[in-house]
*Asks:* 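Just dropping this structure here.
In this chain, numbering begins with 1 at the start of the sequence shown. Hydrogens, waters and symmetry mates are skipped; everything else that's a heavy atom, side chains included, is used.
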Amino acid sequence: MERKPRVLYLYAGSRKHFYEEWKKGLVADTQLLGQNHMSDLGIDAEFKEFQISELLRKINFNLVHLPYLSILRRYDVVFICAGLPLVFAAKKIFGWKKPRFVIYNTSLTNALLRNKRGFARHILVRAISALDSIVCTATEQADFLKKEGFDPEKIVVRPIGIDPAPFLAHDDTYPDIDTPFIVSVGRDLGRDYATLFEAVRELPIKVVVATKPEAVLGLTPPPNVEIRFNVPYSEMPKLYRKALFAVTPLRDATNPNGSDTSGQYGFLEPMAAGRAVIVSDRSTVHDYLEHEKSALLVPPGNPTALRGAIEELIRDSAKRDRLALAGREAVRERYTSTQFARELARIFQRLADTRV
């Protein structure tokens, strides 16, 4: 029997607890990025988490993956979500031809924008050049990297996928919220909650924001906004389904903080739950959303435009329903974790079969 390619997943954050919850059927598989589907697709994939890595995370995030140098050569492909110093060490310091490295690109654009010169820029560019495949989830990311001079043969665009099943369940109960509300979800620093707060100020509707403290640091929400920190992922489907609709406010493309593609899960998950979405109009959302067809897109950083869109969906239930139906169908047809896993499996197989 032909040996399956061996793939090591190295996530940006810990997935051990999440994986156990997923096995119990408590959460969607989205954050596993296809790893749980790989066996069925002919790939022997696993993830590892060394305790020392979590200790290094407290010192410097960039050091987290370096301990895995000791096991890398057992694998044909390493799939990373961060950790370019690991790639630099393996490829440029030790000169290893294998394993091949594939990155799930969430932040290369912003990393390059933050490091325009100097030693950090030099290391960053060399590490990116050493990657064997760069999986972008938005066309804008791929275009930027090509303009920066990186090998276009290594750059692919594959839409991110989510697990829609938990968001389709019919249990619409949610504790402690008995009045109509709008929801906005996201922990990434690319979220623009300042504009959201200004847009909904004095609106006669409750707004629930699920995020982390750093994303709203220094902001004072208006009285109709309730901020909930660290909402368990298992509760998100119910929160979306109980909401009237969802808003994903994003900073404009000139802001290099957070993810290049901030907001993708923040609008795809409520769409899967059958909720209309309002999203800041950045080029990175154009692979997924079409204005007035699957979402309402508003200019980033414009509270007046955002307020107008929110008021429109509050009063126009028929439009909410039309956008919700189109959004849910788009997720089912094009943006599932199963589809994303198939695309990754093809990349893994091709790299494992390629001689170096």
Side-chain angles (χ1 to χ4, degrees), residues 8-15 18 28-35 47 53 57 60-65 77-88 101-115 120 124-125 127-146 148 150 154-163 185-192 211-212 214-215 233 248 250-269 279-280 282-289 335 337 339-341 343-344 347:
L8 173 65
Y9 269 63
L10 295 179
Y11 296 105
S14 175
R15 291 294 186 276
F18 181 89
D29 72 13
T30 303
Q31 295 181 30
L32 296 176
L33 299 177
Q35 186 260 325
F47 71 97
S53 293
R57 188 184 303 279
N60 189 308
F61 177 78
N62 290 318
L63 303 177
V64 169
H65 293 112
V77 178
V78 176
F79 181 60
I80 62 172
C81 305
L84 284 174
L86 176 69
V87 179
F88 182 83
F101 280 91
V102 178
I103 192 169
Y104 168 59
N105 178 18
T106 62
S107 59
L108 293 183
T109 298
N110 283 345
L112 288 163
L113 290 175
R114 288 194 303 268
N115 297 278
L124 181 60
V125 168
I128 295 173
S129 299
L131 292 163
D132 297 286
S133 184
I134 301 171
V135 179
C136 303
T137 59
T139 302
E140 176 68 17
Q141 293 176 296
D143 292 343
F144 177 84
L145 291 174
K146 291 172 186 177
E148 289 288 305
F150 295 104
K154 295 181 178 182
I155 301 169
V156 298
V157 179
R158 298 291 183 269
I160 189 60
I162 68 164
D163 178 4
V185 175
R187 298 158 57 89
D188 186 83
L189 296 180
R191 295 295 199 278
D192 183 8
T211 185
K212 64 179 180 180
E214 294 89 334
Y233 191 53
T248 307
L250 306 173
R251 300 180 188 275
D252 66 37
T254 64
N255 189 302
N257 294 314
S259 167
D260 300 347
T261 53
S262 180
Q264 288 180 341
Y265 293 142
F267 56 75
L268 287 176
E269 289 183 345
V279 183
S280 299
R282 288 185 51 168
S283 57
T284 52
V285 310
H286 293 170
D287 293 79
Y288 302 85
L289 305 174
Y335 308 123
S337 53
Q339 291 165 312
F340 185 62
E343 296 293 335
L344 283 184
I347 295 170

*Asks:* Check Ala12 against Cys81 and note the closest heavy-atom contact, atom names and distance.
*Replies:*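 Shortest heavy-atom contact: N-CB, 3.7 Å.
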*Asks:* Decide side-chain contact (heavy atoms from CB on, under 4.5 Å) for Leu145 and Leu112; before the verdict, give the C-alpha distance in whole Å, the side-chain angles of both, and the deciding distance to 0.1 Å.
*Replies:* CA-CA 9 Å; Leu145 291 174; Leu112 288 163; 3.9 Å; yes
*Asks:* Do the side chains of Leu84 and Leu108 get nearer than 4.5 Å, heavy atoms only?
*Replies:* yes
*Asks:* Measuring from atom CD of Gln339 to atom CD1 of Ile160, what distance do you get when rounded to the nearest 0.5 angstrom?
*Replies:*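 Answer rounded to 0.5 Å: 11.5 Å.
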*Asks:* Distance check, rounded to the nearest 0.5 Å: Leu33 atom CG versus Arg15 atom CZ?
*Replies:*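 So the gap between those two atoms works out to 6.5 Å.
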*Asks:* For Leu189, does its backbone N or O pair with a side-chain atom of Arg251 as donor and acceptor, under 3.5 Å?
*Replies:*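 Present.
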*Asks:* Looking at residues at least two apart in the chain, or sitting in another chain, which of them share a side chain to side chain contact (heavy atoms under 4.5 Å, CB included) with Asp188?
*Replies:* Arg191, Ser259, Ser262
*Asks:* Hey, can you tell me if Tyr335 and Tyr288 have their rings parallel, tilted or perpendicular (30° and 60° cut-offs)?
*Replies:*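 It falls in the tilted class, 30° to 60°.
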*Asks:* Of all the heavy-atom pairs spanning Ala138 and Val157, show the shortest one and how long it is.
*Replies:*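 In terms of heavy atoms, the two residues are closest at C-CG1, 4.1 Å.
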*Asks:* Judged by atom type as modelled, is there a donor-acceptor pair below 3.5 Å linking the side chain of Asp132 to the main-chain atoms of Phe101?
*Replies:*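 Yes, Asp132 side chain to Phe101 backbone: donor-acceptor pair under 3.5 Å.
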*Asks:* Enter the distance from Phe18:CZ to Phe47:CZ here, rounded to the nearest 0.5 Å.
*Replies:*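 The CZ atom of Phe47 is 10.0 Å from CZ of Phe18, to the nearest 0.5 Å.
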*Asks:* Let me confirm one number: the CD1-CZ distance from Ile103 to Phe79, rounded to the nearest 0.5 Å.
*Replies:* 9.0 Å
*Asks:* Using a 3.5 Å distance criterion without hydrogens, assess whether the side chain of Arg158 forms a donor-acceptor pair with backbone atoms of Leu344.
*Replies:* no
*Asks:* Do the side chains of Leu250 and Val285 get nearer than 4.5 Å, heavy atoms only?
*Replies:*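 Yes - at least one pair of side-chain heavy atoms lies under 4.5 Å apart.
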*Asks:* Is there a side-chain contact between Ile347 and Glu343, using heavy atoms and a 4.5 Å cut-off?
*Replies:* no
*Asks:* Using a 3.5 Å distance criterion without hydrogens, assess whether the side chain of Gln35 forms a donor-acceptor pair with backbone atoms of Leu32.
*Replies:* no
*Asks:* Donor-acceptor pair, Asp163 side chain versus Thr30 backbone, under 3.5 Å?
*Replies:* no
*Asks:* Report yes or no: does Thr248 contribute a side-chain atom to a donor-acceptor pair with the main-chain N or O of Gly266 at less than 3.5 Å?
*Replies:* yes
*Asks:* Would you say His65's side chain and Tyr11's backbone share a donor-acceptor pair under 3.5 angstrom?
*Replies:*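 Looks like yes, one N/O pair under 3.5 Å.
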*Asks:* Which pair of non-hydrogen atoms, one from Ala127 and one from Phe88, has the smallest distance, and what is that distance?
*Replies:* CB-CB, 4.2 Å
*Asks:* Judged by atom type as modelled, is there a donor-acceptor pair below 3.5 Å linking the side chain of Ser337 to the main-chain atoms of Gly34?
*Replies:*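 No, because the side chain of Ser337 does not come within donor-acceptor range (under 3.5 Å) of the backbone of Gly34.
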*Asks:* Flag the pair Asp260 / Phe144 as yes when at least one side-chain heavy-atom distance between them is below 4.5 Å, and no otherwise.
*Replies:* no
*Asks:* Quick check: do Ile155 and Asn105 have side-chain heavy atoms less than 4.5 Å from each other?
*Replies:*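 No, too far: nothing below the 4.5 Å cut-off.
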*Asks:* In the structure I gave you, are the side-chain heavy atoms of Phe150 and Ser129 within less than 4.5 Å of one another anywhere?
*Replies:* yes
*Asks:* Can you confirm whether Tyr233 sits close enough to Glu269 that some side-chain heavy atom of one is under 4.5 Å from a side-chain heavy atom of the other?
*Replies:*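 Tyr233 reaches Glu269 side chain to side chain.
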*Asks:* Give the minimum heavy-atom separation between Glu140 and Ser283, together with the two atoms involved.
*Replies:* CG-OG, 3.2 Å
*Asks:* With a 4.5 Å cut-off on side-chain heavy atoms, are Val156 and Ser133 touching?
*Replies:* yes
*Asks:* Could you report the tightest heavy-atom contact between Leu113 and Pro256, atom names first, then the distance?
*Replies:*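 So the minimum-distance heavy-atom pair works out to CB-CB, 4.3 Å.
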*Asks:* What residues form a side-chain hydrogen bond (donor to acceptor under 3.5 Å, both in side chains) with Asp192, not counting sequence neighbours?
*Replies:*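 With sequence neighbours excluded, Asp192 shows a side-chain hydrogen bond (donor to acceptor under 3.5 Å, both in side chains) to Thr195, given in chain and number order.
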*Asks:* Between Gln264 and Thr137, does any side-chain donor sit less than 3.5 Å from a side-chain acceptor?
*Replies:*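 The criterion, which ignores hydrogens and geometry beyond distance, is satisfied for Thr137 and Gln264.
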